[in-house]
Amino acid sequence: MNLNIICAEVEKIARSVGAFLKSEQAKLRNTDIELKGTRNFVTYIDTEAEKMLVENLRGLIPGATFLTEEGTVSYAEGKYTWIIDPLDGTTNYVHGDTPYSVSIALMKDKQAVLGVVYDPVADELFSAAEKGKATLNGNPIKVSSHNTLTNGYIGFGIPYSLDARGEKILQNAIEQFRHCSFRIKGSAAAEICYVACGRSDAYFHSGLSPWDVAAGTFILECAGGKNTDFSGGNGYIFSKELVASNGAIHKDIVEQIVNY
Ligand code: 2AM
Ligand code: CA
């Protein structure tokens with residue numbers, strides 16, 4: 001199986017689903033739907049986008065299984081599994097804001113071998129296949145070389161349910177506020193890719209699901225970065241804890257912010 005050829009097809013699929021999201025967001029902005037209605041509308045968009053993804057990806061690798069955010073197909077174990085989030089950054093999306101993204105990863109024997117993340121508003125397509133080069137719109141990308149928290153440009157997210165540990169992590173981050181610039185942008189998949197292209201130095205978040213991180217972390221790895229859970233272990237796709245970095249600043253994030 002040639003994963004580079006498959007990746008080119010996945011990129012086309014991500015672009016077309018991204019275009020669908022973008023045009024539906026414009027409709028959402030033009031209608032004065034109350035919050036409950038807005039949620040329903042977004043649920044409709046999520047589900048439609050996921051169906052489009054599943055339908056198109058199914059043809060690429062016959063027999064591959066799916067793990068998806070919206071659960072429009074039930075998960076089964078298999079040699080190849082697509083892990084997909086049709087709309088990452090839902091809260092931004094509902095508010096007419098950006099970024100939001102389509103996130104598609106392919107796992108082979110539980111290891112990521114392909115990742116595509118597409119932001120249709122910025123028209124940024126991040127991708128990597130088979131430990132090859134990571135790219136942004138076809139151009140090679142690599143991580144930054146910044147190696148201290150001082151003057152670091154660091155993305156993070158706050159879990160919807162903030163527990164005591166999450167509060168402590170925020171406190172730790174606050175202690176760094178004089179030295180670092182922190183950013184909360186609201187699409188984990190996109191923000192991990194910002195580390196991959198050197199735009200930011202690191203990203204951390206707890207409470208994430210496999211479809212939020214599987215594609216971005218693979219792209220980051222191919223761009224020379226590093227991913228771990230909050231203890232420095234490598235179960236980050238399924239463990240709901242992620243530190244994604246350029247590698248150089250990783251130890252400092254783990255020791256001084258997330259692993260209290
Ligand atoms: P979503 O938009 O698909 O819900 C926001 O911080 C980012 O984290 C988004 O990518 C959001 O994905 C994701 N996320 C997933 N689970 C989350 C959780 N429990 N708490 C906060 N953010 C979560
Ligand atoms: Ca998500």
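Both counts, for ligands and for their atoms, begin at 1 and track the order of listing. If you read the sequence from its start, that first residue is 1, and numbering goes on from there. Keep in mind that the numbers below use all heavy atoms, side chains included, and drop hydrogens, waters and symmetry copies.
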Please set out all donor-acceptor pairs under 3.5 angstrom arising from side-chain atoms of residues 200-211, sequence neighbours excluded.
from, atom 1, to, atom 2, distance (Å)
D201, OD1, S144, OG, 2.6
D201, OD2, Y153, N, 2.8

For this session: Check whether any N or O atom of S209, backbone or side chain, sits under 3.5 Å from an N or O atom of ligand 1, and answer yes or no.
Result: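 No, no N or O pair falls under 3.5 Å.
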For this session: Say whether P159, considering both its backbone and side-chain N or O atoms, lies within less than 3.5 Å of an N or O atom on ligand 1.
Result: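 No: no nitrogen or oxygen of P159 is under 3.5 Å from one in ligand 1.
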For this session: Just jot down the ligand 1 atoms closer than 4.0 angstrom to any heavy atom of D85, in number order.
Result: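 The atoms of ligand 1 under 4.0 Å from a heavy atom of D85 are 3 (O).
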Provide, to 0.1 Å, the distance between [atom] and the closest protein heavy atom, together with that atom's residue and name.
atom: atom 3 (O) of ligand 1; result: E69 OE1, 3.2 Å
atom: atom 13 (C) of ligand 1; result: L208 CD2, 3.6 Å
atom: atom 20 (N) of ligand 1; result: Y160 N, 2.6 Å
atom: atom 6 (O) of ligand 1; result: H205 NE2, 2.9 Å
atom: atom 15 (C) of ligand 1; result: D212 OD2, 3.2 Å
atom: atom 12 (O) of ligand 1; result: D88 OD1, 3.1 Å
atom: atom 9 (C) of ligand 1; result: G186 O, 3.4 Å
atom: atom 19 (N) of ligand 1; result: G207 O, 3.2 Å

Problem set entry | Derivation and outcome, salt bridge (charged side-chain N to carboxylate O under 4.0 Å, His left out), residues D123 and R15 | CA-CA 9 Å; D123 189 25; R15 281 187 182 279; 2.8 Å; yes
For this session: Would you check whether I184 reaches within less than 4.0 Å of ligand 1, judged by its heavy atoms?
Result: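 I184 does not count as a contact of ligand 1 under the 4.0 Å cut-off.
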For this session: Give the total of protein N/O/S atoms at a distance below 3.0 Å from the Ca ion (ligand 2).
Result: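 Total protein N/O/S atoms under 3.0 Å from the Ca ion (ligand 2): 3.
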For this session: Assess whether side chain to side chain donor-acceptor pair (under 3.5 Å) is satisfied between D109 and Y80, documenting all intermediate values.
Result: CA-CA 7 Å; D109 298 325; Y80 287 98; over 6 Å; no
Exercise. Is atom CD of Q256 surrounded by more than 12 heavy atoms (other residues, nucleotides or ligands) closer than 6.0 Å?
Worked result: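 Enclosed: over 12 neighbouring heavy atoms sit under 6.0 Å from CD of Q256.
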